[in-house]
Amino acid sequence: TNMVYNGFVRFWKEPLRNTLLPLLDAYKAGLEVGDFEFAGIACYSYTYQSFYCGTELGSVASEMNSYDKVLDSLNQSGRLPYHKIYYQMVENFRGNTENPAVFKGDMYDPEIGLPIHLERNDRTAIFILNFCKGILAYNFDEIESSLDALNTGMKELDFIVGSWAK
């Protein structure tokens, strides 16, 4: 319940930053009792919510790198693509790509990932991808690309249950 409350509810009433430490606690608790799904959701939520709280990008990237390995080792293949999309956005903002305005890099390549999401009908991943592409394009003054990505993502909004994006 700690993970659900801090990952999906608390930010509607309190600052997002208030969710971070409890999400880490939920992650640790999930590991302790063997609930790897909730542990995976908690660590994934912690990393992307850290980004949105304005945590320094180097720190976010370092934690994303650690939790990328954790999610993989816990066989959390459902959350791993979402995590990698956010991780790629952070790497773009850090300038660790050939062209920071283009959403593509070592952590996530939409040319590889998007067809998989479409095949699996993973509409959450499609939303997250387009939302992150839109944020990135906007921040690099690619307004038309941003609008295109965000409009594409809006088609998937009904699948983002309990999200701050709704």
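Both backbone and side-chain heavy atoms feed into the values below; hydrogens, waters and symmetry mates do not. One is the number of the first residue; the rest follow in order along the sequence.
- The cluster map of Ile, Leu, Val, Met, Phe, Trp and Tyr, joined by side-chain heavy atoms under 4.5 Å apart, puts Y46 and L21 in the same cluster.
- Between V60 and T47, every side-chain heavy-atom pair lies at or beyond the 4.5 Å cut-off.
- Residues L24 and V70 are members of one and the same hydrophobic cluster, defined by side-chain heavy-atom contacts under 4.5 angstrom among Ile, Leu, Val, Met, Phe, Trp and Tyr.
- Ring orientation note: the planes of Y86 and Y52 are nearly perpendicular, at an angle over 60° on the 30°/60° scale.
- The stretch residues 60-69 participates, sequence neighbours left out, in these salt bridge (Lys or Arg N to Asp or Glu O under 4.0 Å) pairs: D68-K84.
- Residues V33 and F38 are not in side-chain contact: their nearest non-hydrogen atoms beyond the backbone lie 4.5 Å or more apart.
- Applying the side-chain contact (heavy atoms from CB on, under 4.5 Å) test to E111 and every residue at least two apart in sequence or in another chain returns K104, D109.
- Taken together through direct or relayed side-chain contacts under 4.5 Å among Ile, Leu, Val, Met, Phe, Trp and Tyr, L118 and I128 form part of one hydrophobic cluster.
- By the side chain to side chain donor-acceptor pair (under 3.5 Å) test, Y44 is found to be paired with no residue, residues two or more places apart in sequence or in another chain being considered.
- The backbone N or O of E156 sits nowhere less than 3.5 Å from a side-chain atom of R123 that would complete a donor-acceptor pair.
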Worked check of side chain to side chain contact (heavy atoms under 4.5 Å, CB included) between F51 and L57 = CA-CA 7 Å; F51 169 79; L57 288 175; 3.8 Å; yes
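- Both L129 and M154 belong to a single network of hydrophobic side chains, linked directly or stepwise wherever heavy atoms of I, L, V, M, F, W or Y lie under 4.5 Å apart.
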query = What's the verdict on side chain to side chain contact (heavy atoms under 4.5 Å, CB included) for N65 and Y87, showing C-alpha distance, side-chain angles and the deciding distance?
reply = CA-CA 8 Å; N65 183 50; Y87 193 178; 3.1 Å; yes
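- Among residues two or more places apart in sequence or in another chain, the side chain to side chain donor-acceptor pair (under 3.5 Å) test is passed with Y82 by D122.
- Scanning for side-chain contact (heavy atoms from CB on, under 4.5 Å) contacts around S59 gives T55, E56, with sequence neighbours left out.
- Between the CG atom in N18 and the CD atom in Q49 there is a gap of 11.0 Å [rounded to 0.5 Å].
- From R79, atom CZ reaches atom CD of E37 across 6.5 Å, with rounding to the nearest 0.5 Å.
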Show me the side-chain donor-acceptor pairs of residues 131-150 shorter than 3.5 Å, one per line, residues at least two apart or across chains.
unit_1, atom_1, unit_2, atom_2, d
N139, ND2, I135, O, 2.8
S146, OG, G134, O, 2.8

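- Every residue was checked against the side chain to side chain donor-acceptor pair (under 3.5 Å) condition with Y67, not counting sequence neighbours, and none meets it.
- Around atom CG of D106, no more than 12 heavy atoms belonging to other residues, nucleotides or ligands sit under 6.0 Å away.
- Contacts of E98 classified as side chain to side chain donor-acceptor pair (under 3.5 Å), with partners at least two apart in sequence or in another chain: none.
- To the nearest 0.5 angstrom, C43 atom SG is 8.0 Å from L31 atom CG.
- Judged as a salt bridge (charged side-chain N to carboxylate O under 4.0 Å, His left out), and not counting sequence neighbours, the contacts of E91 are R94.
- Once rounded to the nearest 0.5 Å, the distance linking CG of N130 with CD1 of I85 reads 9.0 Å.
- A distance-only check finds a donor-acceptor pair linking the side chain of N92 to the backbone of V102 [under 3.5 Å].
- Contacts of D72 classified as side-chain contact (heavy atoms from CB on, under 4.5 Å), with partners at least two apart in sequence or in another chain: L80.
- One distance of note links CE of M64 with OH of Y48; it measures 10.5 Å at 0.5 Å rounding.
- Residue D25 holds its CG atom at 11.0 Å from CG of L20, rounded to the nearest 0.5 Å.
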